[in-house]
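Throughout, protein chains are lettered first and strands after them, A, B, ... in sequence-line order, and every chain is numbered starting at 1.
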Number of protein chains: 2
Amino acid sequence: MEQMSRNLAFQLKKIRQQRSVSLDDVAKATGVSKAQLAQIEKGEANPTVSTIWKIAAGLRISFSSLLQPPIAHFMKFSSKNAPHVDEDEGRYRVYSIIPYDPERGWEFYKVEMEPGARSRSEAHTEGVEETVTVIHGQAVISAGVMHETITEGETLVFSGHQAHEYQNISEELTVLHVILQYK
Amino acid sequence: MEQMSRNLAFQLKKIRQQRSVSLDDVAKATGVSKAQLAQIEKGEANPTVSTIWKIAAGLRISFSSLLQPPIAHFMKFSSKNAPHVDEDEGRYRVYSIIPYDPERGWEFYKVEMEPGARSRSEAHTEGVEETVTVIHGQAVISAGVMHETITEGETLVFSGHQAHEYQNISEELTVLHVILQYK
DNA sequence: CACACATGTTTATTAAAGTATACATATGTC
DNA sequence: GACATATGTATACTTTAATAAACATGTGTG
C-alpha cells in the first residue's frame, strides 16, 4: 500500500539525480508544485493519478518506470504473526504469508489441517492457477470430478476456476504451502 | 491527463461486469467506498495511488490491466489549432500534433522552416531517438560532426542524445514530420 | 399489492492532496 | 567578507479526494 509510495519516491529521486536537475526544474517541467514533489520523494505523499501523469509526461517517461520497485531489495515475511483465517471450527487454518500485490501477481499461504479437517472453495475467477505442496502429512484435493492424494514432498498444480476441496485424510496435522497465481 | 481517468473508468467497469458483481461487492473486497468507485467508473474521479492499489489488490489484478486503454478507439488530432512554439524569430515553427503520453512513449511534431531558418536543440536525455521525414522542401540535419541533407520523401533516423541542428537550405518553405521516441 | 432486498445515485462531512509563499542553507563570485 | 543565486525545507491556505449515510429505483416473492 505505502509500498507504492516508496517505489515512487525511489524512482523519482533516482531519475532526477541521474539527470541532475533540481526540484524547481522538475516542477517547471511537470506543472507539479515543488512542495508536492519533495513530499513524493520522501515517500510521505499519496499522489493522485493526474499528478503521476503530469510527472511521467513532463519527464517523458512511462508509468512502469515510475512505479517499478528498486531492483535489489529484501522483504522478509513470517508465518508467525501472519494474519490467519479459521474454517471448519478452527481445525482448518489459513495463514497469509505473502499477501497479494498487484506488481507481483500471486499470493502465498500456509495451511494447517487437523486430522479429518476439510475446506471447500468456490470457483475463483477465470485464469487462476493453484499450486499446493505438502510440507507434512497427507491431503486429498478434489476439483470437479477429479481427486488426487498428495503426501509430504509432493506438489499438485491445478486450475482454480471451479469449486474445489482440501481434506486431511491422515491421522496427523497436515501442513501445506499454497501459491495462488492470478491472470 | 483525464485520459487516465477514462481508461480506469472503462477497465474497472469492464472487469466488474465480467465478474457480474455489484459496487457494494467491490467496495467490500477493496475497502474503497462505493461512492468513490461509482465516481471512478464514471470517469469523474481523480483517485490516489493508494486507492488504485486497493482496487488492484482487492480484485487481484495488475496495475497495467487497470490503466490500459480500451483496445479499439479513435483519437483524432489536427495540425490546425495545434499548440506551436516559434524559434528563429518566427521563421522556425514547431506544431505539437500528438503530445507525449506516458502510455505511448513517443511524441509527434510538424515543423515548418522558412528559407534559411535554423534551430538548434540541446542534447536530450539518453536513449532518445529522432525520426525526421521531409514532407516538402529540403533540410540539413547536423549532429556532432555528422551532416546529412534530406529532401522530400526522405527520412532520417538518428540518436538525439547529443546537440543537433535543423536547417532549411532551400529557397522554399520546408515542412518536416518529426517523431521523438523516448527510452 | 405490499414487502423485503439489492443496486446505483446523491448529499454532507471529514481528511488530506496540492499550491503558493516564506524560510533556511549552502555555493559560488566579485 | 558581502552579495547574489540556487536548492531543499517548513508553513498557511485552498481545493478536492474519500467516506458514510440517506435516497431513489428496480426486481422479484409470498
Side-chain angles (χ1 to χ4, degrees), chain A residues 1-61 63 66-67 70 100 102 122-123 125, chain B residues 1-59 61 63 66-67 70 100-102 122-123 125:
Chain A
M1 182 136 37
E2 84 287 339
Q3 175 67 29
M4 260 344 298
S5 303
R6 269 207 296 280
N7 294 352
L8 235 173
F10 180 89
Q11 296 297 347
L12 177 54
K13 193 161 205 168
K14 179 182 155 200
I15 290 167
R16 191 168 70 84
Q17 284 174 167
Q18 277 178 349
R19 302 187 182 178
S20 56
V21 289
S22 69
L23 286 175
D24 274 304
D25 294 333
V26 176
K28 192 152 52 67
T30 62
V32 176
S33 73
K34 175 165 70 158
Q36 184 64 3
L37 290 171
Q39 291 284 313
I40 292 172
E41 283 197 357
K42 284 192 247 172
E44 296 169 356
N46 178 22
T48 61
V49 293
S50 83
T51 297
I52 295 178
W53 195 94
K54 285 195 241 174
I55 294 174
L59 261 35
R60 304 287 127 110
I61 54 180
F63 289 110
L66 264 184
L67 301 178
Y100 180 82
E122 292 311 304
T125 61
Chain B
M1 180 134 41
E2 83 285 341
Q3 175 67 30
M4 266 335 303
S5 303
R6 270 206 295 280
N7 295 352
L8 237 173
F10 180 88
Q11 296 297 347
L12 177 54
K13 193 161 207 168
K14 179 182 154 200
I15 290 167
R16 192 169 69 85
Q17 285 174 167
Q18 278 180 350
R19 301 188 182 178
S20 56
V21 288
S22 69
L23 286 175
D24 274 301
D25 294 333
V26 176
K28 193 153 53 66
T30 62
V32 175
S33 73
K34 174 165 71 159
Q36 182 65 2
L37 291 170
Q39 291 284 313
I40 292 172
E41 283 197 357
K42 284 193 249 173
E44 296 169 355
N46 179 21
T48 62
V49 293
S50 83
T51 297
I52 295 178
W53 195 95
K54 284 195 242 175
I55 294 174
L59 262 34
I61 54 179
F63 288 110
L66 264 184
L67 301 177
Y100 180 83
D101 183 297
E122 291 313 305
T125 59

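No donor-acceptor distance shorter than 3.5 angstrom exists from the side chain of Ser5(A) to the backbone of Gly43(A), with no hydrogens or angles considered.
Between Asn7(A) and Leu67(A), the closest heavy-atom pair is ND2-O, 3.2 Å.
Counting to the nearest Å, the P atom of dA17(D) and the CD1 atom of Ile55(B) are 14 Å from each other. Here the P atom of nucleotide dA17(C) and the CD1 atom of Ile40(A) are 10 Å apart, to the nearest Å. Separating the CG atom of Asp25(A) from the P atom of dA6(D) is a distance of 10 Å, rounded to the nearest angstrom. Summarising the geometry, the separation between CG on Asp24(B) and C1' on dC5(C) is reported as 12 Å, rounded to the nearest angstrom. Atom CD in Gln36(B) sits about 15 Å away from atom P in dT10(C), given to the nearest Å. Atom CE of Met4(B) is separated from atom C1' of dA17(D) by 16 Å (rounded to the nearest Å). In this structure, Glu44(B) atom CD and dA18(D) atom P are separated by 14 Å, rounded to whole Å. Note: CD (Gln39(A)) to P (dA16(C)) measures 13 Å, nearest angstrom.
The shortest side-chain heavy-atom distance between Leu59(B) and Arg19(B) falls under the 4.5 Å cut-off.
Ranking dG18(C), dA17(C), dT9(C) by closeness to the Asn46(A) side chain, first place goes to dA17(C). Taking only side-chain atoms of Lys34(A), from C-beta outward, the nucleotide of dT19(C), dA22(C), dT9(C) with the closest atom is dA22(C).
Across the interface with DNA chain D, nearest-nucleotide mapping of Ala35(A) and Pro47(B) shows Ala35(A) to be the residue nearer the 5′ end.
Taking side-chain N and O atoms only, Lys54(B) has a distance below 4.0 Å to OP1 or OP2 of dT19(D). OP1 or OP2 of dT7(D) has not a single side-chain nitrogen or oxygen of Lys28(A) nearer than 4.0 Å. A close approach under 4.0 Å does not occur between any side-chain nitrogen or oxygen of Lys13(A) and OP1 or OP2 of dG8(D). Considering only side-chain N and O atoms, Arg16(A) lies under 4.0 angstrom from the phosphate OP1 or OP2 of dG8(D). Dashed line: the shortest gap from a side-chain N or O of Thr48(A) to OP1 or OP2 of dG18(C) is under 4.0 Å.
With Glu41(A) as the fixed residue, the side-chain hydrogen bond (donor to acceptor under 3.5 Å, both in side chains) test singles out one of Arg16(A), Gln36(A), Lys14(A), Lys13(A): Arg16(A). Checked against Thr48(A) for a side chain to side chain contact (heavy atoms under 4.5 Å, CB included), the options Asn46(A), Thr51(A), Ile52(A) give a single hit: Thr51(A).
Using a 4.0 Å heavy-atom criterion, one finds that Ser22(B) contacts the sugar-phosphate atoms exclusively.
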